[in-house]
Amino acid sequence: MLATIEPRRLSGTVPAIASKSVAHRMIIAAALSSSTTHVICNTTCEDIDATVRCLAALGARIEKTDDGFEVHPIAKSIELGILKAFQGATLDCGESGSTLRFMLPVACALGADATFIGSERLGQRPLSPLDDELVAAGCGIEREDGFPLRTSGRIRPGRFTLPGTVSSQYITGLLLAAPLLPGACEIEVVGRIESRPYINITLQVLKQFGIEVRVDRGVAANGIDEVTRFCTKDRSYRSPGEVRVEGDWSNAAFWLCAGALGTAPIEVAGVSLTSAQGDRNVLAALSRFGARTRRSADSAIVQPDQLHAFSMSAQDIPDLVPVIAAVASCCEGTTVIRDCARLRIKESDRLATTASELNALGAQVDIDRDSLVIHGVGRLRGGVVDAHNDHRIAMMAAIAAIRCEGTVTIRGAQAVQKSYPQFFDHYRLLGGQVELTEA
């Protein structure tokens, strides 16, 4: 699909969609619980649908309701795992890395003997050392190049050790799996944890479902590295009856950045200022760029002002990098975004695609090892970009169009379906002009 965007003034209020990060975790916890849970979730997307599909394959009954999902749990026991009738299921993860990395440890904790399939790009994304830890704990994993991936047997409770530099999704997957095992578990993470806010979301959801996780911090045996230990007792998931998925800061960030780049304020309604989501730090980043920000209990507003460069780390907010880079392209001075190594293994190599597609619009973005160096040019010229099957690259280009002199055409614009199917509808709601056509 092609999206053709004519530069227009954006202004007004847009509603926040449901947080994909929170929804994944809540729906999984609900499916692993003791009884039915009503999950209030005002929107869905391809990634959330992939998690629902995988849980249904394992025996959960998940019904779509007017305001979310009614989740009837998987039949299982702590002693024996999943019922034999549901062993051998095929779990189609689509393009969702969260689904694969969360459901793989869960399937191994249930003894599901599952087969995982998904897109070619997802099959190329790394799973080590998560898969090594699962094998060491007693589960068999067969995988050649990509999919299918097959599991057999059931992991034992005990200690799992991961370096802090791996995806936080690995840690979340083990945390979600631990309450399914007949014994206490300890997940030991050595070194500073990347994307720590995502683990905080997991801990919050687990607490809602009756799972208390003790977090201990110390020093590794070498006396240098820090160690974080997440400890769970032998305790099962308990349904709270009803839970609500909060608004999504990751996608709200695109509109807030549009407010900084444009000529009028933009408000996102339905986001929590006390959220554990790390991407709420987009407001702090935009303030440092010089934009004016305002907050209320359940909304955020950004309006333009003189923008100037600054340097920042992406270690805890990797998903913000593409749209922050778009803002930086229109600032005075040179912005450096450090600690971007993890962007290479997203839906695309986002270091490369952020640079190449912004440059296609007239920006000056260089890659320096694991950093982006962005030389502000004030205004962009417009042009044709490729989304590279990456939702955040497609949305980045649409937001950059605000500062373009000419038309912006986005190839592969359907990539937004992965996380934000309403994106172009909301773009028009704010006054944007978008024409969608089949490629």
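Below, each value reflects all heavy atoms present in this structure, side chains not excepted, and no hydrogens, waters or symmetry copies. Residue numbers count from 1 along this sequence.
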K.L.:
Quick one: do the Asp349 and His388 side chains pair a donor with an acceptor below 3.5 Å?
P.N.:
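His388 and Asp349 do not have a side-chain donor-acceptor pair below 3.5 Å.
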K.L.:
Locate the shortest heavy-atom distance separating Ala400 from Leu361; write the atom from each residue and the value.
P.N.:
CB-CD1, 3.9 Å
K.L.:
What closest approach, in Å, do Ala136 and Arg156 show between heavy atoms, and which atom pair accounts for it?
P.N.:
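Heavy-atom minimum between the residues: O-NH2, 3.0 Å.
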K.L.:
How long is the straight-line distance from SG of Cys54 back to CZ of Phe102, given to the nearest 0.5 Å?
P.N.:
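Rounded to the nearest 0.5 Å, the CZ-SG separation comes out at 12.5 Å.
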K.L.:
If we ignore hydrogens and angles and just use 3.5 Å, is the side chain of Arg125 paired with the main-chain N or O of Ile345 as donor and acceptor?
P.N.:
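Indeed, once roles are kept as given, a pair shorter than 3.5 Å links the two residues.
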K.L.:
Can you tell me how far apart CG (Leu175) and CG (Leu203) are? Round to the nearest 0.5 Å.
P.N.:
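CG of Leu203 is found 6.0 Å from CG of Leu175.
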K.L.:
To the nearest 0.5 Å, tell me how far Ile28 CD1 sits from Leu176 CG.
P.N.:
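Between Ile28 CD1 and Leu176 CG, I get 5.5 Å after rounding to 0.5 Å.
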K.L.:
Assess the pair Tyr420 and His426: is the distance between their ring centroids shorter than 6.0 Å?
P.N.:
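Here the rings of His426 and Tyr420 have centres that are less than 6.0 Å from each other.
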K.L.:
For Met1, check side chain to side chain contact (heavy atoms under 4.5 Å, CB included) against everything at least two apart and list the hits.
P.N.:
Ala413, Gln414, Leu436
K.L.:
Between Arg350, Arg344, Arg342, which is the residue that forms a salt bridge (charged side-chain N to carboxylate O under 4.0 Å, His left out) with Asp370?
P.N.:
Arg344
K.L.:
Go through the side-chain N and O atoms of Thr202 and Thr172 and say whether any donor and acceptor fall under 3.5 Å apart.
P.N.:
yes
K.L.:
Other residues, nucleotides and ligands only: do more than 12 of their heavy atoms fall within 6.0 Å of CG on Asp368?
P.N.:
yes
K.L.:
If we ignore hydrogens and angles and just use 3.5 Å, is the side chain of Lys76 paired with the main-chain N or O of Ser33 as donor and acceptor?
P.N.:
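Judged by distance alone, yes, a pair lies under 3.5 Å.
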K.L.:
Side chains of Phe289 and Thr335: closer than 4.5 Å at any heavy-atom pair?
P.N.:
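Heavy-atom side-chain distance check passes, below 4.5 Å.
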K.L.:
From the options Asp339, Asp316, Asp225, select the one residue that forms a salt bridge (charged side-chain N to carboxylate O under 4.0 Å, His left out) with Arg192.
P.N.:
Asp316
K.L.:
For the pair Asp132 (side chain) and Ser128 (backbone), establish whether a donor and an acceptor sit closer than 3.5 Å, ignoring hydrogens and angles.
P.N.:
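No; judged by distance alone, with no hydrogens or angles, the pair does not exist.
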K.L.:
To the nearest 0.5 Å, what is the distance between CD (Glu70) and CD1 (Ile62)?
P.N.:
11.0 Å
K.L.:
Heavy atoms, side chains only, cut-off 4.5 Å: are Val166 and Leu130 in contact?
P.N.:
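The answer is no, as the side chains (C-beta and beyond) never meet within the 4.5 Å cut-off.
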K.L.:
Do side-chain atoms of Gln87 reach the backbone of Gly111 as a donor and acceptor pair under 3.5 angstrom?
P.N.:
yes
K.L.:
For Leu372, which of Val365, Asp366, Val336 qualifies under side chain to side chain contact (heavy atoms under 4.5 Å, CB included)?
P.N.:
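By the side chain to side chain contact (heavy atoms under 4.5 Å, CB included) criterion, Leu372 pairs with just one of Val365, Asp366, Val336: Val365.
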K.L.:
Stepwise, does the side-chain contact (heavy atoms from CB on, under 4.5 Å) test hold for Ile155 with Phe160?
P.N.:
CA-CA 11 Å; Ile155 56 174; Phe160 302 85; 4.2 Å; yes
K.L.:
Does Thr43 use its side chain to pair, donor to acceptor, with the backbone of Ala18 at less than 3.5 Å?
P.N.:
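Between the backbone of Ala18 and the side chain of Thr43 there is a qualifying donor-acceptor contact (under 3.5 Å).
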K.L.:
Given Leu256, which of Val14, Leu283, Ile266 fulfils the side chain to side chain contact (heavy atoms under 4.5 Å, CB included) condition?
P.N.:
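With Leu256 as partner, Val14, Leu283, Ile266 yield a single side chain to side chain contact (heavy atoms under 4.5 Å, CB included), made by Leu283.
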K.L.:
Which pair of heavy atoms, one from Val282 and one from Cys257, lies closest together, and at what distance?
P.N.:
CG2-SG, 4.1 Å
K.L.:
Quick one: does Lys346's side chain get under 4.5 Å of Asp319's, heavy atoms only?
P.N.:
yes
K.L.:
Taking Glu63 first and then Arg61, would you say they form a salt bridge - that is, a charged N and a carboxylate O separated by under 4.0 Å?
P.N.:
yes
K.L.:
Establish, from distance only, whether the side-chain atoms of His391 and Ser419 form a donor-acceptor pair under 3.5 Å.
P.N.:
yes
K.L.:
Search all heavy atoms of Phe116 against all heavy atoms of Leu104 and return the closest pair with its distance.
P.N.:
CZ-CA, 3.6 Å
K.L.:
Is the backbone of Ala31 close enough, under 3.5 Å, to the side chain of Tyr237 for a donor and an acceptor to pair up by distance?
P.N.:
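Judged by distance alone, no pair lies under 3.5 Å.
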K.L.:
Could you go through the side-chain contact (heavy atoms from CB on, under 4.5 Å) check for Arg101 and Leu174 one step at a time?
P.N.:
CA-CA 9 Å; Arg101 290 162 174 173; Leu174 290 172; over 6 Å; no
K.L.:
Are Asp47 and Ser98 side-chain neighbours, meaning at least one heavy-atom pair lies under 4.5 Å?
P.N.:
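Asp47 vs Ser98: side chains apart.
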K.L.:
Among Arg121, Glu347, Glu95, exactly one meets side-chain hydrogen bond (donor to acceptor under 3.5 Å, both in side chains) together with Asn389. Which residue is that?
P.N.:
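For Asn389, the side-chain hydrogen bond (donor to acceptor under 3.5 Å, both in side chains) test succeeds with only one of Arg121, Glu347, Glu95, which is Glu95.
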K.L.:
If you measure only the distance, is there a donor-acceptor pair under 3.5 Å linking the side chains of Thr37 and Ser239?
P.N.:
yes
K.L.:
A side-chain contact here means heavy atoms from C-beta on lying under 4.5 Å apart; do Gln422 and Cys45 qualify?
P.N.:
no
K.L.:
For Arg53, is the CZ atom crowded, meaning more than 12 foreign heavy atoms sit under 6.0 Å from it?
P.N.:
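Atom CZ in Arg53 is crowded, with more than 12 foreign heavy atoms closer than 6.0 Å.
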K.L.:
In terms of heavy-atom contacts, does CD of Gln124 have more than 12 from other residues, nucleotides or ligands at under 6.0 Å?
P.N.:
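Check passes, neighbour count above 12.
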K.L.:
Yes or no on side-chain contact (heavy atoms from CB on, under 4.5 Å) for Leu273 and Arg280, after CA distance, side-chain angles and deciding distance?
P.N.:
CA-CA 7 Å; Leu273 272 298; Arg280 66 186 174 92; 5.7 Å; no
K.L.:
Taking Thr274's backbone N and O only, do any of them form a donor-acceptor pair with Ser272's side chain (distance below 3.5 Å, no angle check)?
P.N.:
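Side chain of Ser272 to backbone of Thr274: a pair is present.
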K.L.:
Which value, rounded to the nearest 0.5 Å, describes the distance between Leu320 atom CG and Asp279 atom CG?
P.N.:
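CG of Asp279 is found 4.0 Å from CG of Leu320.
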K.L.:
Quick check against the 3.5 Å criterion: does Asp216 have a side-chain atom that pairs as donor or acceptor with the backbone of Arg229?
P.N.:
no
K.L.:
Shortest non-hydrogen contact from Val302 to Ala291?
P.N.:
CG1-CB, 4.0 Å
K.L.:
Lys418 vs Glu46, test: salt bridge (Lys or Arg N to Asp or Glu O under 4.0 Å). Steps then yes/no.
P.N.:
CA-CA 5 Å; Lys418 179 177 172 61; Glu46 288 181 350; over 6 Å; no
K.L.:
Donor-acceptor pair, Asp390 side chain versus Ser348 backbone, under 3.5 Å?
P.N.:
yes
K.L.:
For a quick check under 3.5 Å, do Glu267 and Thr13 share a side-chain donor-acceptor pair by atom type?
P.N.:
yes
K.L.:
Assess whether atom NZ of Lys64 is packed by more than 12 heavy atoms of other residues, nucleotides or ligands within 6.0 Å.
P.N.:
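Count over threshold, so yes.
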K.L.:
Mind checking whether Gln204 and Arg25 have side chains closer than 4.5 Å, heavy atoms only?
P.N.:
no
K.L.:
Judged by atom type as modelled, is there a donor-acceptor pair below 3.5 Å linking the side chain of Arg154 to the main-chain atoms of Ala109?
P.N.:
yes
K.L.:
Between Met396 and Thr353, is any pair of side-chain heavy atoms under 4.5 Å apart?
P.N.:
no
K.L.:
SG/Cys139 to CD/Glu133 distance, rounded to the nearest 0.5 angstrom?
P.N.:
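These two atoms lie 13.0 Å from each other.
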K.L.:
If you compare all heavy atoms of Ala252 against all heavy atoms of Val268, which two are closest, and at what distance to 0.1 Å?
P.N.:
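Reported closest heavy-atom pair: CB-CG1, 3.7 Å.
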K.L.:
Find out whether Gln277 and Ile201 are in side-chain contact, i.e. whether some heavy atom of one side chain is under 4.5 Å from a heavy atom of the other.
P.N.:
yes
K.L.:
Go through the steps for Asn42 and Val245 under the test side-chain contact (heavy atoms from CB on, under 4.5 Å), then give the verdict.
P.N.:
CA-CA 8 Å; Asn42 69 350; Val245 178; over 6 Å; no
